[in-house]
Every structure is written in structure tokens, then in C-alpha cells.
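Beneath this line is the structure, given in C-alpha cells, with notes to follow.
Residue numbers start at 1 and run along the sequence shown. Just so you know, these numbers come straight off a predicted model, no measurement behind them.
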Amino acid sequence: MQSDPLQQLKPLHLPPDPSWWPPAIGWWILMLALVILTAWTIYRLVKFSLAMRPIRHGKNLLRELYASQKQGDLSDEDFVHLSNELVKRVLVPGLGKAKYSRLSGAQWLSELDSISGSNSFSEGDGKVLGNERFTRDFKVNCDKLYLALEQLLKSIRP
């Protein structure tokens with residue numbers, strides 16, 4: 001017989017190192033939270049982009065109107081009427097704000113002032129968008145009116 005019984009034992013085999021897959025439950029929860037947060041962010045960005053579409057389109061149409069007026073294709077009177085129509089189209093069918101559809105005159109100008117956060121429509125060059133545009137000899141500074149309308153479209157939020 002052998003003198004040392006421990007010599008007869010086979011060498012120890014260590015278990016394999018833990019694998020990275022499958023991850024622990026905490027990592028699953030973190031991944032799920034990130035997927036939900038990413039999906040919610042994409043949803044909100046798409047929704048905001050779709051809501052801003054009428055405003056972007058209105059800005060482009062206003063630039064085209066102004067360019068036509070500057071080239072002489074459009075009279076000052078037509079520029080004023082089409083600009084007013086453009087603003088109503090952005091607000092009423094574009095953004096669904098039906099309360100603006102029936103407004104005209106001083107009420108319309110005060111609402112435009114409240115949207116733009118200035119008094120450029122009731123007291124400034126935008127005053128021509130009220131009843132003044134229906135008078136026989138109205139005067140308009142199309143450059144200043146364009147700037148006021150551009151500022152108005154920038155301040156509209158869906």
C-alpha cells in the first residue's frame with residue numbers, strides 16, 4: 001500500500017468562469033427601460049414634427065409671397081390679402097384652432113398680438129391686416145409687414 005492516500009486523488013477541476021450571457025435581471029430591466037425611453041422619445045419627436053408641419057409650410061409660403069411681391073408679380077394689396085389668408089390657414093385648418101376662424105378687425109389684430117407677444121398688429125405695421133385693408137387708399141410697408149408676420153409664425157406653437 002501507499003503511504004499517502006492523498007496521492008491517489010485526481011486533480012481538482014474548477015468550474016468554468018461565468019458567461020456574460022444571459023445577463024442578470026437588473027440588466028434586462030435596464031435594457032427594457034432604455035427601449036421604452038427611446039421609443040417614447042421617437043414618438044414625441046415625430047408627433048412634434050407633424051404638429052409643426054403647417055407652421056413650416058406657412059413660413060415657406062410667406063417667403064414665396066414676399067419674393068413675388070418684391071419681383072413685382074404681386075401688388076401690395078394682394079400681398080396683404082394673401083398674407084392674412086395664409087395666417088388664417090395656418091391657424092384654423094392647419095393647427096385646428098377654430099376660434100380664430102370668425103375673428104376679424106380689431107379682435108383679429110388683438111389675437112395676433114397675443115400670439116406674437118407684441119403689439120405690432122394692433123399698433124404697428126400689421127394693423128393693415130384688420131379692417132384697414134378694405135379702405136380705398138391704405139398704405140402698407142410690405143417689408144415691415146413681412147417681418148411682423150415672420151415673427152408671428154415663429155411664435156406660433158401647436
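Counting all heavy atoms, side chain and backbone alike, K88 lies closest to S101 at NZ-O, 3.5 Å. Between I115 and S155, the shortest heavy-atom distance links the atoms O-CB, 3.6 Å. Nearest heavy-atom pair, V92 versus A98, reported as atom, atom and distance to 0.1 Å: CG1-CA, 4.4 Å. Residues M31 and P23 share a closest heavy-atom pair of CE-CG, 4.3 Å. Counting all heavy atoms, side chain and backbone alike, F121 lies closest to A148 at CZ-O, 3.7 Å. Summarising the geometry of S118 relative to S120, their closest heavy-atom pair is OG-OG, 3.0 Å, with the distance given to 0.1 Å.
Y66 and Y146 have parallel rings, their planes meeting at less than 30° on a 0 to 90° scale where 60° marks the start of perpendicular.
Annotation: side chain of F138 is in contact with side chain of E77 (closest heavy-atom distance under 4.5 Å). In this structure, V87 and W108 have side chains that are in contact, with non-hydrogen atoms separated by less than 4.5 Å. Annotation: side chain of E111 is not in contact with side chain of L91 (no heavy-atom distance under 4.5 Å).
In the hydrophobic clustering of this structure, Y43 does not group with V35; members are Ile, Leu, Val, Met, Phe, Trp, Tyr whose side-chain heavy atoms approach within less than 4.5 Å, directly or through other members. Residues L30 and I25 fall into different hydrophobic clusters, defined by Ile, Leu, Val, Met, Phe, Trp and Tyr side chains chained together at heavy-atom separations under 4.5 Å. Cluster annotation: W28 is not connected to L37 through the hydrophobic network of ILVMFWY side chains, with a link wherever side-chain heavy atoms come within less than 4.5 Å.
Atom CD1 of I156 sits about 9.0 Å away from atom CE of M52, to the nearest 0.5 Å. Atom NZ of K59 sits about 10.5 Å away from atom CG of L152, to the nearest 0.5 Å. Note that CD of E64 and CG of D73 are 12.0 Å apart. Values are rounded to the nearest 0.5 Å. L147 CG to N141 CG: the interatomic distance, rounded to the nearest 0.5 Å, is 8.5 Å. Of the inter-residue distances, the one linking L61 atom CG with L65 atom CG reads 6.5 Å to the nearest 0.5 angstrom.
Counting non-hydrogen atoms of other residues, nucleotides and ligands closer than 6.0 Å to CZ of R53 gives a total of 12 or fewer. The 12-atom threshold is exceeded at CD of E132, counting heavy atoms of other residues, nucleotides or ligands nearer than 6.0 Å.
Not a single donor-acceptor pair under 3.5 Å links the side chain of S49 to the backbone N or O of L45. Within the 3.5 Å criterion, the main-chain N or O of L129 finds a donor-acceptor partner in the side chain of R133. Distance alone, capped at 3.5 Å, places no donor-acceptor pair between the K127 side chain and the L109 backbone.
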- Query: Please walk me through it: do V90 and I55 pass side chain to side chain contact (heavy atoms under 4.5 Å, CB included)?
  - Reply: CA-CA 6 Å; V90 167; I55 298 169; 4.3 Å; yes

- Walk me through it: do N119 and S122 pass the test side-chain hydrogen bond (donor to acceptor under 3.5 Å, both in side chains)? CA-CA 6 Å; N119 61 353; S122 61; 5.7 Å; no

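Sorted by first and then second residue, the pairs that involve residues 141-157 and meet salt bridge (Lys or Arg N to Asp or Glu O under 4.0 Å), not counting sequence neighbours, are K70-D143.
Every residue meeting the side chain to side chain contact (heavy atoms under 4.5 Å, CB included) condition with N131, not counting sequence neighbours, appears here in chain and number order: F134.
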